[in-house]
Structure formats: structure tokens, C-alpha cells
Amino acid sequence: MRKIVFLLTALCLSMSAWSQDGLVYWSQADGYKFDFDLDGTVDFSLPTQTTDKAISQVFVFDANGDGYFDLCELDLNDNLINWIFYYNDGNNNFVDPQTVIYGMSEGDKKLAGDFNGDGIGDVGIRRDNEFGLWWLITFQAMAPDVNQQFGISDKDLLVIHNLNSMHSRAGAQTPFSSINYGMDTSPEGRMVMKNIMLATEAGLGGGETPIFPIQIFRVKEGVNYNPGEPNYDLFQLAIRCSARRLFPNFSFLDAPFNLAYYKPGHYETEVGYMGCRTRVMGNVCDPDNQIAPRRGNLSFTTINLPRIAILANGNIEWFFDELDRKIDLCVEQLLERFAIQCKKKVCNYPFLMGEGCWLGSENLGWNDEVGEVLKNGTLSVGFIGLAECLKALIGQHHGESQRAQNLGLEIISHMRKRMDDISQARKLNVTLLATPAEGLSGRFVKLDRKRFGALPGITDREYYTNSFHVPVYFPIGAFDKIRLEAPYHALTNAGHISYVELDGEAQKNVRAIAKIVKVMHDEGIGYGSINHPVDRDGVCGYNGIIGDTCPRCGRAEHEGPHFQRIRRITGYLVGTMDKWNDAKRAEEAQRVKHSL
């Protein structure tokens, strides 16, 4: 008796020769036997192409959309799947066997169906990994290439892997890379965005959280914010991915200061943020090119607000006078540096200018000076320690009283107006930056403590608070923090970011992430991110929150390699705090969690 490996009943065949149920039998010795009319006799036979190998599965379906059924048999060898297609020529002849080879993993499930709704049958792989992901890699028989629309492609995985392993920055560092996405509604664009996030969610080779690229999901009503919008599913995936891997962050194109530049259908008018906060949009030099691509920040200089406030000794009028003097000094320094940069030639920037990457550089010759096109960039004045500044002036920071909040907004509004006035007078893009202060937060306070002593709430910690942020140690609810910081985003046109700190395992509370993102959108935040603990045991591969011992294998940290504890410092993810300065280590340790 023949060994029946595959039996397909109730097979509806849309063929001109027949349109009824049928049976298909297969045996290694005899190949395929077809009983089309179910009368118990063989109407057609076909030898298998792989009689010397074990075939695990056979599919009978219309693989090319011509109305005739075709065959696909799976030959499994050496961790590879050989998909062998036989095409029906319409006369019951199966011609031109074609083979597609694809790698397989243990537990893969082979499927057949019309996965993309184009009326043509596909075959594919369902792959469920430990993260609960669904990978579906489909093959179109008449064009035997991997159709990446339904799964994570090798290229997407390679992008994430390469940006975390290429030490091409200064010969020893991975590039500090950022990507902004979320707005493209084309099938190709959606495919890329989806797969980048799935690859990020899956992690690197051993399940590690990718550090680069910094990913920013652009949120926009009418595109992805509300149910039923074209990319709403990608917005939900972004929230899920951020809950697991801390990326993507979220930028908000509906914030009035971003929406002012947005023109539907013109991707270049979609605000683009660089990693930790930098933003370039307005352009007083060329109002027709108020765009994000092909531009950048040329330099920025930061003002120490707490020192001016300490010296003011409560005299707010003197504070503003001294602030103006410091602004004038910073702008003078920026202009002097800009003049030096302008004298450089295209040959000094062979990639940036020579390859036409910078706006307008494609019109320059190799030995031309770059000054005229550099005007499209920005020169920025930044600030640090608004919270400590307010404590020095009135004894409270903006998280503690409305009076302090009003004064804080008055200070930053004054700085922004000065930048705008200088921009118009100079016809240069002079902007205001909420400085990230990777090193200055500790350097400035150390100098001021030496000069003024340890002043409570001002110089008594190892760091000054980042830009306009409510101090990290101050107990405040997440939504109150967002509400207080949002107005400063509209004032800092060179860049800004607000953070919320969550406790617990965020991937188990994705709704909390979604709620925070929606509040950020509704309150007018320009760029925001949610911090939460992401730990990993490199020995057993466990991902989650780890205390003193690993929940999976039970080992203590001192018994092997240290646990990887992913945290965000000035916008960047790090797996250890060992290499950061004392100020940032102290700041991270003193962060409080923000309740919802």
C-alpha cells in the first residue's frame, strides 16, 4: 500500500478543464497521483524531483494566478528549505521546476495561502520566537524572491546590526546615527518602517537591545495617530517596540511650532530630530527651504544660568541685564567661529560638500568657499540649569510653584526673542537650544561650588539639571511634568526633549506608554521619550528587570559577567554607567519614577 504523505480534500480548482473537488496522493517511489473526479482512478501522475530525499510537505495551489493549480514541494536539507515549484501549463503538464532556497529554524511552520490578497498563491514560513514575534516570509512562485512585506528581512537586521558594530567614527566608535520615520504611507515605506521596528524589537544576535540608531517615530493626526488612519498600526507597533527596547522616541508634527512648517506630500517639511534633541527647521536665509534634510547645526555655546542667578543675589532686573551680556558674548563667539568655517572650501569637506549632501553644495566647485551655503545651517545659544537658576532667584523651581514656572517661561522667552532679533538683523539662523549638557552639567556646578560653596538646591548636588527640565529628584506625576515642560518646547527652536521615568517592566504595561505618548501629543510636546529599566543577563539571555539575581537562571551578578542594564543618558542608551562622569552617574541614580 502506498504511503500517503499528503492528502488534500475539498480542493476547489478554478480551471477550465475541471472545477470540482479532487485528491492528490504522493509517495516517494511513485510521485504524485491525481484523482480529479473522485472516481477512484488515477487521472494524472507526476514523478517527484527529489526521489532520493525526504520531502516533508507538499502544497497544491494556484501559484501564478493563471487559473490552473500548481505544485510546491518542500525538500529539507542541511538547515535549508528548498521550495520546488511545478507550474501547470494548462494541459496538465507541469514544466520548468524552479527552486527557491531559504534558511530554516527549528520549529518553523510552513504555510500556503494568498497572504497579500493579490489573487496569487504564496507559500511562507511562520516563525515564532521567544519574543512572541510573527515572522512570515513569502515567496511568489513566478518571481522566486523573498517578499519582505510580511516579515523581518535580512537587510533590516543588517542595518540594525551594522550600526551597532561598525567602529568607523574616529576609528574607534560606532557612528552616532538617528533615523526619523512614521509618515510614509506607501507599501514600500510601510514595509521598511515595520521591519526596522520588528528587527529592533527582536534585538541583536543574542537578544541584546540595540544602542543605535536612535529611532524617532513621527506622530501626526491624519496619518498615524487615530484608529483607521493609514499608519495607525505602525504607531501601535512603535509603542510596543519602545516598551521593550526604549526606542523609538516620539516626535509630534502636530505641535504648533512643527506644524507651521509641514506641507502634506512634502517629506522634507516633516520635522527631523537628531538623537538627543537637535532640531533644524526655520531658515531666515532662504524661506523657500525651511526644511529638515541636508542641513544641520554648525555649533552651539551654552550659558550657565545658575551662576548668573547666584550673582544676581535676588535682583531679577540685574539678572536679565547680565543674561543679555552673556548672550551677546556667546553670539560674538559663534559668529567668529562661523567666519572661520565660511573660509573653508569644498575640498575640506569631501563628503559633506563634495558629494552634494549639504543644501546648495551641489552648485559649488571643488575649490569654492562654502560660506554661502553654510548659511543654511544654524548657530545656537544653549542654556543649562533653569531649575537651579529659579531656586537661586526666588527659592523655588518651576516644579514647586506657578510663580517659578512663570519666571522660568519669562527667562526662556526673553532668550528666544533675542535669538529671533539677532537672526533677522544678521540674516543668519541663530536659534535657542535646550542643551543636553553631557559634560557641562558636572563641570559648571563643580566650578560654582568651589566659588560659592554648597548652596542648598543649587550647587549641593553633583550636577545641574538638564536645560528646562524639572529636577530628576523631584517627586512629580508624569502628566504634570509633561504639562510644565511643554511650553519650553515651543521656545527652544534649536532642539528640546522631555522624559518620563517609569517603574516596572514596561513591556507588560504597553497601555501606560501609549497614554504617556498621547498626553505628550495633546500638551504640545515636540519631542519626547519614556525611560524604563531594561536589563539583560548575557549568560542565559534573559531580558527583563533583574535585581540581585537573574530570574531565569538564578545566578548572582558577582558569579559571572555583570548584568547589562540599559539606561538613557542625555538621549543615548548605555549598557553600563562605568564610563560616564560622576555627574551623570549621580543624576541617573537620583532619578525618581513618575506616577501616572
Side-chain angles (χ1 to χ4, degrees), residues 105-107 127-135 152 156-157 160-161 164-165 195-215 217 236-250 472 478 499-517 528-569 571-580 585 587-596:
S105 298
E106 184 177 354
R127 180 173 297 160
D128 297 306
N129 64 19
E130 63 178 295
F131 310 118
L133 296 180
W134 171 280
W135 295 2
I152 298 176
D156 295 321
L157 292 170
I160 302 299
H161 180 271
N164 285 274
S165 60
N195 292 338
I196 287 290
M197 285 188 279
L198 288 176
T200 300
E201 189 178 37
L204 301 177
E208 301 94 334
T209 294
I211 304 301
F212 292 108
I214 292 180
Q215 299 176 42
F217 189 91
Q236 297 303 300
L237 176 58
I239 292 171
R240 191 185 79 190
C241 185
S242 185
R244 180 170 181 79
R245 298 296 184 183
L246 293 163
F247 287 146
N249 301 333
F250 298 89
V472 298
Y499 299 109
V500 167
E501 298 283 336
L502 284 186
D503 200 1
E505 201 164 350
Q507 62 181 319
K508 296 180 180 179
N509 192 9
V510 177
R511 289 184 179 179
I513 302 288
K515 191 172 183 180
I516 291 169
V517 173
S529 185
I530 299 97
N531 294 335
H532 51 86
V534 176
D535 302 332
R536 179 177 178 275
D537 183 352
V539 174
C540 72
Y542 174 79
N543 279 276
I545 295 180
I546 303 177
D548 296 328
T549 60
C550 174
R552 176 181 289 175
C553 67
R555 80 173 182 92
E557 191 160 14
H558 68 270
E559 296 175 338
H562 289 301
F563 300 134
Q564 185 182 47
R565 302 185 187 275
I566 301 294
R567 301 295 184 267
R568 197 189 316 266
I569 303 295
Y572 295 95
L573 300 187
V574 297
T576 175
M577 295 296 297
D578 295 345
K579 297 181 181 180
W580 282 89
R585 286 203 296 269
E587 184 255 293
E588 192 276 334
Q590 293 174 21
R591 292 178 183 175
V592 298
K593 306 303 180 182
H594 301 128
S595 58
L596 299 181

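Position 1 is the first residue of the sequence, and the numbers go up from there. What you see is a predicted model, and the numbers here were worked out from it, not measured in a lab.
- Formation of a donor-acceptor pair under 3.5 Å by the Arg245 side chain with backbone atoms of Met197 is not found in this model.
- Counting heavy atoms from C-beta outward, Glu201 and Leu237 have side chains that approach closer than 4.5 Å.
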Worked verdict on Arg591 versus Tyr499 for side chain to side chain contact (heavy atoms under 4.5 Å, CB included) | CA-CA 11 Å; Arg591 292 178 183 175; Tyr499 299 109; over 6 Å; no

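- Gln236 has its side chain out of reach of Arg240: every pair of non-hydrogen atoms, C-beta onward, lies at least 4.5 Å apart.
- Taking CZ from Arg244 and CD from Glu505, the interatomic distance works out to 8.0 Å, rounded to the nearest 0.5 Å.
- The CG atom of Leu198 sits 8.0 Å away from the SG atom of Cys241 when rounded to the nearest 0.5 Å.
- Here the straight-line distance linking atom CD1 of Ile160 with atom CG of Asn195 works out to 10.5 Å at 0.5 Å rounding.
- Between the side chain of Asn543 and the backbone N or O of Gly541 there is at least one donor-acceptor pair closer than 3.5 Å.
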Can Arg555 and Asp537 be said to form a salt bridge (Lys or Arg N to Asp or Glu O under 4.0 Å), step by step?
-> CA-CA 9 Å; Arg555 80 173 182 92; Asp537 183 352; 2.9 Å; yes

Tell me, with the steps shown, if Asp535 and Arg567 meet side chain to side chain contact (heavy atoms under 4.5 Å, CB included).
-> CA-CA 9 Å; Asp535 302 332; Arg567 301 295 184 267; 3.1 Å; yes

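- In this structure, Ile513 CD1 and Ile530 CD1 are separated by 5.0 Å, a value rounded to the nearest 0.5 Å.
- The two residues Leu502 and Ala512 have their closest heavy-atom pair at CD1-CB, 4.5 Å.
- Proximity of Cys553 to Tyr542: side-chain heavy atoms (C-beta onward) are nowhere separated by under 4.5 Å.
- Counting heavy atoms from C-beta outward, Phe250 and Ile239 have side chains that approach closer than 4.5 Å.
- Checked by atom type and distance alone, the side chain of Ser242 pairs as donor or acceptor with a backbone atom of Pro248 at under 3.5 Å.
- Between His594 and Ile516, every side-chain heavy-atom pair lies at or beyond the 4.5 Å cut-off.
- Atom-to-atom distance recorded for Ile211:CD1 and Thr209:OG1 is 7.0 Å, nearest 0.5 angstrom.
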Worked check of side chain to side chain contact (heavy atoms under 4.5 Å, CB included) between Thr549 and Glu559 = CA-CA 10 Å; Thr549 60; Glu559 296 175 338; over 6 Å; no

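- At a threshold of 4.0 Å, the pair Glu557-Arg565 counts as salt-bridged, since one of the basic side-chain nitrogens sits closer than that to a carboxylate oxygen.
- The environment of Lys515 atom NZ is sparse: at most 12 non-hydrogen atoms of other residues, nucleotides or ligands sit within 6.0 angstrom.
- Under the side-chain contact (heavy atoms from CB on, under 4.5 Å) test applied with Ser529, the options Asn249, Leu246, Val517, Val500 reduce to a single match, Asn249.
- For the pair Phe247/Pro210, no side-chain contact is recorded, criterion being any heavy-atom separation below 4.5 Å from C-beta on.
- When all heavy atoms of Glu501 and Val592 are compared, the closest pair comes out as CB-O, 3.4 Å.
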